[in-house]
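A quick write-up on the structure given underneath.
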Amino acid sequence: MTITRRPTSTRAPPMSSSSLQKNRVGFGEEIVKEITIPEDRPSGFPQNTHAISSSATSIELKWQPPVLAERNGLITEYILLYRDINSPNNPIEISVASPETTLKLTNLKPDTTYDIKVRAHTSKGPGPYSPSVQFRTLPLDPGRICLFVCSLVQVGDDINELGHQDYALYLTSFHQLER
């Protein structure tokens, strides 16, 4: 007696012009349907803003996009708003092109707390800002070399009682140099 075994195949039957796909029931025709939803401004804010490194004069930040259901389209950019908590009237805005979700803030003041928030934009406009988070730069390390860059600005055209013009000295940037 001769027994012939027939191999069992898990391959799909020969394909025709339509694509066949397999699921739990078996093989069937694949259906792809594309829908278009009108884009809108994000209804949610970027998530999990946190510092990934800091120094006396910089903070590197990272965040995640708004949750998918609240993006309302393709995120085109993020706007990061930050300020020294002791200078509430001087916030600074920085634009970060999507898909980037990290930014290093530089030229910050040592041992200073900064208030930071982020919002996402689509082509239709901005979404809401994230809740504010606060980060503090490190204090100066007395063992490091510091470089102060200053600007000397003339304060008017009058000559004072000593026969000199008045000038003001402004700190324009500060750098703590690595050894």
Side-chain angles (χ1 to χ4, degrees), residues 34-157 164-179:
E34 190 173 309
I35 59 170
T36 303
I37 299 171
E39 193 167 67
D40 200 359
R41 298 159 51 139
S43 56
F45 51 82
Q47 304 289 304
N48 303 321
T49 302
H50 61 280
I52 54 177
S53 69
S54 65
S55 72
T57 60
S58 68
I59 299 172
E60 188 167 4
L61 301 165
K62 184 165 184 62
W63 61 90
Q64 294 173 332
V67 295
L68 187 58
E70 297 175 342
R71 291 181 196 171
N72 299 331
L74 181 66
I75 302 298
T76 57
E77 72 172 330
Y78 295 95
I79 297 293
L80 185 128
L81 182 76
Y82 74 98
R83 66 178 179 83
D84 173 343
I85 63 166
N86 298 312
S87 303
N89 296 328
N90 296 320
I92 297 171
E93 271 193 357
I94 298 176
S95 174
V96 179
S98 182
E100 189 62 48
T101 58
T102 60
L103 176 68
K104 186 171 187 174
L105 299 175
T106 58
N107 295 325
L108 303 177
K109 294 185 237 172
D111 201 23
T112 302
T113 301
Y114 288 89
D115 188 64
I116 300 166
K117 49 190 175 180
V118 185
R119 70 178 172 183
H121 284 246
T122 64
S123 64
K124 296 296 183 178
Y129 275 108
S130 64
S132 292
V133 290
Q134 292 187 344
F135 299 105
R136 188 170 190 86
T137 53
L138 298 175
L140 283 177
D141 180 352
R144 292 198 175 162
I145 299 168
C146 299
L147 172 66
F148 295 90
V149 178
C150 299
S151 297
L152 188 61
V153 178
Q154 184 177 335
V155 180
D157 295 326
H164 299 100
Q165 290 184 316
D166 290 326
Y167 290 88
L169 186 64
Y170 293 99
L171 177 65
T172 54
S173 67
F174 169 86
H175 306 278
Q176 189 169 352
L177 305 175
E178 301 295 328
R179 286 186 176 189

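Positions are given from 1 along the sequence.
- Contacts of Ser98 classified as side-chain contact (heavy atoms from CB on, under 4.5 Å), with partners at least two apart in sequence or in another chain: Ile75, Tyr78.
- Scanning all heavy atoms of the two residues, the minimum distance from Pro128 to Gly44 falls at CD-O, 3.7 Å.
- In this structure, a donor-acceptor pair under 3.5 Å is present between the side chains of Glu100 and Thr102.
- A 4.5 Å side-chain heavy-atom check between Leu105 and Ile92 finds every atom pair outside the cut-off.
- Checking Glu77 against Ser95 by side-chain atom types alone, a donor-acceptor pair falls below 3.5 Å.
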CA sep, side-chain torsions, deciding dist, call: Ile116, Leu81, side-chain contact (heavy atoms from CB on, under 4.5 Å): CA-CA 6 Å; Ile116 300 166; Leu81 182 76; over 6 Å; no
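- By the 4.5 Å heavy-atom criterion applied to side chains, Thr106 and Thr57 are not counted as neighbours.
- Taking the salt bridge (charged side-chain N to carboxylate O under 4.0 Å, His left out) definition, one finds that Asp84 meets it with Lys109, sequence neighbours left out.
- Looking at Tyr82 and Leu108, their side chains come closer than 4.5 Å, going by heavy atoms from C-beta outward.
- Minimum heavy-atom separation, Ala56 to Thr137: O-CB, 3.4 Å.
- Taking every heavy atom of both residues into account, Pro65 and Thr101 meet most closely at CD-CG2, 4.5 Å.
- How far OG of Ser55 is from CG of Leu138: 6.5 Å, rounded to the nearest 0.5 Å.
- For residues 116-138, every residue pair satisfying the salt bridge (charged side-chain N to carboxylate O under 4.0 Å, His left out) rule, not counting sequence neighbours, is listed here: Asp111-Arg136.
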Intermediate values then yes/no, side-chain contact (heavy atoms from CB on, under 4.5 Å), Asn72 and Arg41: CA-CA 6 Å; Asn72 299 331; Arg41 298 159 51 139; over 6 Å; no
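- The structure places CD1 of Ile85 at 9.0 Å from OG1 of Thr112, a figure rounded to the nearest 0.5 Å.
- Residues Ile52 and Ile59 are not in side-chain contact: their nearest non-hydrogen atoms beyond the backbone lie 4.5 Å or more apart.
- For Trp63 against Leu80, the heavy-atom pair with the smallest separation is CZ3-CD1, 4.0 Å.
- Nearest heavy atoms, Ala51 versus Leu61: CA-CD2, 4.2 Å.
- The CG atom of Asp115 sits 10.0 Å away from atom CZ of Phe135, with the distance rounded to the nearest 0.5 Å.
- Considering all non-hydrogen atoms of both residues, Ser58 and Lys104 come closest at OG-CE, 3.5 Å.
- Judged as a salt bridge (charged side-chain N to carboxylate O under 4.0 Å, His left out), not a single pair has a partner in residues 62-72 (not counting sequence neighbours).
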Stepwise side-chain contact (heavy atoms from CB on, under 4.5 Å) check, Leu103 with Ile94: CA-CA 9 Å; Leu103 176 68; Ile94 298 176; 3.9 Å; yes
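- For Thr76, the side-chain contact (heavy atoms from CB on, under 4.5 Å) partners two or more places apart in sequence, or in a different chain, are His121.
- Residues satisfying the ring pair (Phe, Tyr, Trp, His ring centres under 6.0 Å) test with Tyr114, not counting sequence neighbours, are none.
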